Amino acid sequence: MSESSTDNTHDLYAVRLAKLREMRAEGMDPFRAAFTPSHTAAEAVNLFRDDTEEPVRVAVAGRLMVMRVMGKAVFAKLMDGSGLIQIYVRRDEIGEEEYKHFKKLDIGDILGAEGSLFRTKTGEVTVRAVRCVTVAKALRPLPEKWHGLTDSEQIYRQRYLDLIVNRDSRARFLTRGRIISAIRRFLDERGFSEVETPVLQPVAGGAAARPFVPRNNALGCEFYLRIALELYLKRLLVGGIDRVYEIGRNFRNEGLSRRHNPEFTMLEVYQAYSDFRGMMTLIHDMVQTVCRDVLGTTRIQRADGVDIELGGTWREARYKDLILEATGDADWFSRSKEEKLRAARELGIEVNPELEDFEVTQDVFEKKVEPGLIQPTFVTHLPKELCPLAKLTEGDPSTIDVFELCINGQEIAPAYSEQNDPLVQREMFEAQAGEEVQKIDHDFLLALEHGMPPAGGMGVGIDRLVMLLTGAESIRDVILFPQMKPNPG
RNA sequence: GCCUCUCUAGCUCAAUUGGCAGAGCAGUUGACUCUUAAUCAAUUGGUUCCGGGUUCGAGUCCCGGGGGGGGCACCA
């Protein structure tokens, strides 16, 4: 490229590139400058004391976010991971050459600045710089400083820009990390062991979802990306790891929505000699502990002003009772499928007539009951057709020993008394699979035949839990890089 | 896959009924040694997502395509 690009003053990239070349021509390498900060921005600000005469010298580094040039002095702000710090650069203190260079910096450049702390007459703790170095030149401009970045596509595709200019977004993702740490701490303290099981599986079991199908060239066969963690964690129960959990990515080849991303994070926990009742206590204590650790409160305030109280004991309700309440029909469960379809339509729900009888009821549950479960509610005694991996309720073979924890109108965590009878389990799988017998995980059944201790097991959708605790309305706001179509061009 | 909304300068947004594509920020040049979205003066910057069509004239209307948002469907 020729020098002519230099006077192309409307092309922001060209202007910055020219500045970079100019620096190199003057013997500076803006990407190799050595600089070690002594303090973060927040530390430096906290370090300053008004009552001491002795100036405190610091070295801070960060991205240049604000620059106000006033003739022979400049106020600028650097942002690092801890926040912003102002620096003050005077020509008579830093020298003619360096001052000239400083004035040519661009917003977005990453700098190091060294000097002593003072308080400006407007009250802001500031570094009076005696030295400034560019440690990384930015060739692209940042989004607008006042409005930030609002274009959702750019927020998702160029998350780094969102993180730089939208502080609440940054805070949300850091909170996500703290939530996951708090969960690990909680489980580790109770004797659970964290494990890692295969993501590439020969049979994608543990849930009903369409899997992604990658291929292993060396083995010459296709695998599936896992859709659940369940069947491998239960093998570990057989293997004697009595308290086990995994936090990992699941992949489901299905539609995307405000609540669904093709890859999402699940926590699954299994505890031998426990059952779904034990899991109730566990999730209840876990959510409350995590809330207190991370948020310092168990009360969540929704944007619309509705409060969700996660403290105290949680409501427990039977599936059947919730359905009867929602339909206002005491005889719902003895109606024919056709009658149910008609009644559903009257309730304003469009139900696919090809669904099985129990699926029609489940549709009513998902559309009429679940959205109304704002405060934490354990839904229990689900119909047995809904899950082939759970034990039947003693004395009522039509329901299973499970709960679904619903909060804020969303299912957050299902839990079961896990089925450990290999013969019953095989029958359930076969009935479920129908024609698709290749979907049965025979290795898992073999493991069960060696004896799995009775156990409680639970799955927690981490993304949804984070949504709940951060008030995010879309799963894309709690996943750093949500799935998008490949960028065209 | 279907329905619906949306796409204008690097970013945030205007543009009346179909009638000269504009502002703020950022950039460039200049002034200014305590600024707080600094200020002041001047100034550059456009494939209006892409391709067709209607029209004297299209950012605006019509058709097709693409990206994104929301909804539906799919989803034990």
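In what follows, every chain begins at residue 1, and chains take the letters A, B, ... in the order their sequences are listed. Since the model is a prediction, treat every value here as computed from it, not as a measurement.
- Closest to the A/D151 side chain, of the nucleotides B/G70, B/U12, B/U33, is B/U12.
- One atom, CD of A/E411, and another, P of B/C75, lie 15 Å apart when rounded to the nearest Å.
- Comparing B/C11, B/G68, B/A26 by their closest approach to the side chain of A/R157 singles out B/G68.
- For A/E153, counting side-chain heavy atoms from C-beta on, the closest listed nucleotide (B/C34, B/C11, B/G68) is B/G68.
- Side-chain atoms of A/Q86 come within donor-acceptor range of the base of B/U35, with a qualifying N/O pair under 3.5 Å.
- Using a 4.0 Å heavy-atom cutoff across all strands shown, A/R476 reaches sugar-phosphate atoms only and no base atom.
- For the segment residues 90-106 of chain A, residues with any heavy atom less than 4.0 angstrom from an atom of RNA chain B are, sorted by number, A/R90, A/D92.
- Side-chain atoms of A/K145 lie closest to B/C25 of the nucleotides B/U12, B/G27, B/C25.
- None of A/F403, A/Y319, A/F276 except one satisfies the ring-ring contact (aromatic ring centres under 6.0 Å, His included) rule with A/F378; the exception is A/F403.
- The 12-atom threshold is not exceeded at CZ of A/R318, counting heavy atoms of other residues, nucleotides or ligands nearer than 6.0 Å.
- For A/T120 and B/U35, a side-chain-to-base donor-acceptor distance below 3.5 Å is present, hydrogens and geometry of angles not being considered.
- Candidate nucleotides B/G69, B/C75, B/U35 were compared by shortest atom distance to the side chain of A/T126, and B/U35 ranks first.
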